[in-house]
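Everything below concerns the one structure shown next.
Predicted model, so just to flag it, every value in this text is computed and none were measured. A, B, ... follow the sequence lines: proteins, then strands. Residue 1 opens every chain.
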Amino acid sequence: MPVARPETSDSRIIAHVDMDCFYVQVEQRKQPHLRGQPTAVVQYNSWKGGGLIAVGYEARKDGVKRSMRGDEAKKVCPQIQLVQVPVARGKADLTIYRNAGSEVVSILARKGRCERASIDEVYLDLTEAAETMLKETPIESLESIDEEVLKSHVLGLCLNGKDDKEIVREWLTRRDADHRDKLLACGAFIVAELRLQVLQETEFTCSAGIAHNKMLAKLASGMNKPAQQTIVTLSSVKGLLEPLPIKKMKQLGGKLGSSLQTDLGVNTVGDLLQFSEEKLQDIYGANTGTWLWNIARGISGDEVEGRLLPKSHGSGKTFPGVRALKTLASVEKWLKELCEELSERLQLDLETNKRVAHTLTLHANAYKSTDTDSHKKFPSKSCPLRYGAGKILEDSVKLFQAGLREFLGSYMNPVSGGWGITNLSVSASKIVAAPSGTSSITRYFHGQDRFHTSSEPSDEKFKLEDDKLSPLRTENHSASHQTECGGEQPQVTHDTSSFDRYETTCKDEATEGCLTLQNHEPKPRLPEKEKNINDEKPSYGQKRKATKEKGTSSILRFLQTNSCSSSNQETKCLSSGLQEALDVENESLIESQNNRRASQWRYNIDEIDQSVVEELPPEIQDEVRTWLRPQKQANTVKRGSNIAHYFSPQK
DNA sequence: ACGGTTTGGACC
DNA sequence: TGGTCCAAA
């Protein structure tokens, strides 16, 4: 978070792309009759009309705000269209928004390094692309310029409201401009082009900030919305930051920002300038102190991570107030729903991205109605993750029981009540690329649910002390383990009848409507280009298409000739043949992987998969071992073997 | 008792 | 490390 990173003279070109009221746009694309109407996305319509989680711009004009209830919104704007978030398994299901986000990412990732920052935000490092453009395309030759670029907001540039576009054009093409401003101008072209592609291919609008670092780009992307872009020039930084309320800065919206205000009287970023680095370090520690000192000056060396896929998957739900869960049975019922969703998403990730998760974590919030004095938090617990909804549930229940016992202490009897769960979530993390040649394993994981019930005595890794939990057993659960003695463990024997029903229903309806990066990644790039030129989207493209075609041939050319170039030096060194093989091999592996990650991967193989192997059917075990061992050697000895592809930065 | 649900990152 | 806490959207 606030981690200091030096880097003063920063000539990178960084863009932050932010989708406009994203959930609303997704719903409006799904139901076109909502277009142009005041719309908001709401969840849990039951109470007070539900809570608004996204508000369209038409509705905002009428005074509808996020953090309003559906009912309030109706009051302010009677014509408002309230769309509910999809519900699956009794909880909000964000799948369609995640998938829509992936569509966007796959487009934005065509240029430079791309980091998926959230479901609807992306950072791009366009430094190389901008430099190339500057080198190969003399700025003064860009006389015909995209409408979209001309609509850019250039901070620090004085407009008169009349010749705005001409003034922007002049700035963009100034021959005597600062080198870094020229690069920004190139970045603006590239981003405008990307935003147009996003619009044409997804029908979504977005806004963007173009600056020399992530912090400033993020700041700028929100300054002119919707569907606009803002450039942070060198000369504008000081004037931009000085009057800016401290809370507007990325990491200062919380307690740190409050502390700055109340403890130091710092209300604007400019106020921060008064404090020496040492002083700030004294108060907030070396890292945070330096970080604060830097951001006050617009300095932030934060790198754009090349990451298109999430690092974890989670599924959770809150049970506020009286809805708190008070029995183990109800907790298990909800854990089952959560684990099903998680498992489904893990399967999908495995199939489409060839990734496997290694850690399962359970989080919960709870209260004790008895003693309000001990404010003990419900501890989160984790264990190795085993694939299959049944296993995940089984382990989650154990994790919960362990946490509950710790939470209550050894005095209280869990069955006697006195406690309530207000939040429950399961998540999967430590996700790494699965090796190639795992098709049969994928199949195995895929069908695992059908072959196994939850009751085999697996899992030595996971042990609980028993005793205090025994009273927890309900009719359905004769739980528990012996700990130390390590004797046979009468695993939790879930009521298998309900389990079987469960196992058979959870197969995979998943794959149906699931858009993933790969599915949208233009299969080959060739048809893509044609599409850009020829495809017309009458309802949507507004008039941009026409202007682009005749106005920016040079830009088009630029974009096309570079569309396959790699942003990574190492990759460039590979022969084209190898590169191609690598592309095929990693077709669905979006993330670029560096060497640091390679060693991490090797570690994981040795450490974890060994135990997994024993759970596999014999014939598959053989296959696993064939790539398990040689791989290790190939890794340390020579590169270029099959598996080395996974360590090569690609794309 | 809350907008709810998801993510990511830092610290120890 | 795992677990806790923070922050953001």
Side-chain angles (χ1 to χ4, degrees), chain A residues 1-4 16 18-23 40-55 65-73 84-95 97-98 101 115-123 218 221-222 247-259 284-288 291 302 305 307 309-324 338 341-342 345 358-365 367 376-384 399 402-403 406 420 422-431 603 607:
Chain A
M1 217 187 299
V3 153
H16 179 257
D18 196 325
M19 305 307 293
D20 306 318
C21 55
F22 190 45
Y23 289 12
V41 174
V42 81
Q43 71 183 4
Y44 295 142
N45 216 350
S46 42
W47 188 54
K48 304 242 181 211
L52 273 51
I53 57 176
V55 181
K65 292 185 302 186
R66 229 180 343 228
S67 84
M68 266 183 174
R69 297 278 166 194
D71 294 346
E72 307 172 57
Q84 285 188 59
V85 172
V87 173
R89 303 183 181 91
K91 65 181 289 297
D93 183 0
L94 306 182
T95 304
Y97 310 119
R98 272 190 215 102
E115 174 182 332
R116 185 178 191 165
S118 80
I119 200 167
D120 70 340
E121 283 178 289
V122 151
Y123 286 98
K218 163 83 178 167
S221 71
K247 293 250 166 197
K248 302 275 187 191
M249 301 286 297
K250 172 109 167 131
Q251 296 289 324
L252 300 180
K255 296 186 177 183
L256 181 53
S258 298
S259 165
Y284 295 107
N287 265 333
T288 305
W291 180 80
D302 226 2
E305 306 286 325
R307 183 173 47 71
L309 300 173
K311 299 175 100 167
S312 66
H313 300 289
S315 176
K317 181 171 174 59
T318 58
F319 307 92
V322 294
R323 296 195 293 173
L338 300 177
E341 183 189 327
L342 180 60
R345 285 163 58 191
H358 285 291
T359 301
L360 173 69
T361 306
L362 179 134
H363 294 271
N365 289 343
Y367 66 80
K376 190 141 54 147
K377 295 264 178 200
F378 197 100
S380 60
K381 297 285 170 192
S382 57
C383 71
L399 292 175
E406 201 173 301
T422 55
N423 181 288
L424 209 48
S425 85
V426 290
S427 59
S429 59
K430 297 204 169 64
I431 305 180
Y603 168 82
E607 185 67 13

With heavy atoms under 4.0 Å as the rule, sort [X] into base, sugar-phosphate or nothing.
X	value
A/S67	nothing
A/R323	nothing
A/M249	sugar-phosphate
A/P379	sugar-phosphate
A/K65	nothing
A/S315	sugar-phosphate
A/L252	sugar-phosphate
A/G321	base

Are [X] and [N] close enough that a side-chain N or O sits under 4.0 Å from OP1 or OP2?
X	N	value
A/S118	C/dA8	no
A/R69	B/dG3	no
A/S427	B/dT7	no
A/S425	B/dT5	no
A/K247	C/dA7	no
A/R116	B/dT7	no
A/R345	B/dT7	yes
A/N287	B/dC11	yes
A/K218	C/dA9	yes

So does A/E72 pair up with A/K65, basic N to acidic O under 4.0 Å? no

Among [options], the one nearest [X] by side-chain distance:
X	options	value
A/K311	B/dG8, C/dT4, B/dT7	B/dG8
A/K377	B/dT7, C/dC5, B/dT6	C/dC5
A/D120	C/dA7, C/dA9, C/dG3	C/dA9
A/L256	C/dA7, B/dG3, B/dT6	C/dA7
A/A92	B/dT5, C/dA8, B/dG8	B/dT5
A/T318	C/dG2, B/dG3, B/dT5	B/dT5
A/K430	B/dG3, C/dG2, C/dG3	C/dG2
A/S312	B/dG8, B/dT5, C/dA9	B/dG8

When rounded to the nearest 0.5 angstrom, what is the spacing between CG in A/D93 and CZ in A/R98? 7.0 Å

I need the A/E121 CD to A/E115 CD distance, nearest 0.5 Å. 10.0 Å

Expressed in angstrom and rounded to an integer, what is the separation of [X] atom [atom1] from [N] atom [atom2]?
X	N	atom1	atom2	result
A/F319	B/dT5	CZ	P	8 Å
A/L360	C/dG3	CG	P	11 Å
A/L342	B/dT6	CG	C1'	12 Å
A/L309	B/dG8	CG	C1'	15 Å
A/K248	C/dA7	NZ	P	17 Å
A/N423	C/dC5	CG	P	14 Å
A/F378	C/dT4	CZ	P	10 Å

Could you label the plane-to-plane angle of the A/Y23 and A/Y97 rings as parallel, tilted or perpendicular, counting under 30° as parallel and over 60° as perpendicular? parallel

Under a 3.5 Å distance rule, please check whether [X] uses its side chain to pair with a backbone N or O of [Y] as donor and acceptor.
X	Y	result
A/S259	A/K255	no
A/K317	A/S425	no
A/R345	A/G314	yes

Using heavy atoms to find the nearest nucleotide of DNA chain B for A/G51 and A/H313 separately, return the residue whose nucleotide is more 5′. A/G51

With nearest nucleotide decided by heavy atoms, which residue, A/L338 or A/M68, maps closer to the 5′ end of DNA chain B? A/M68

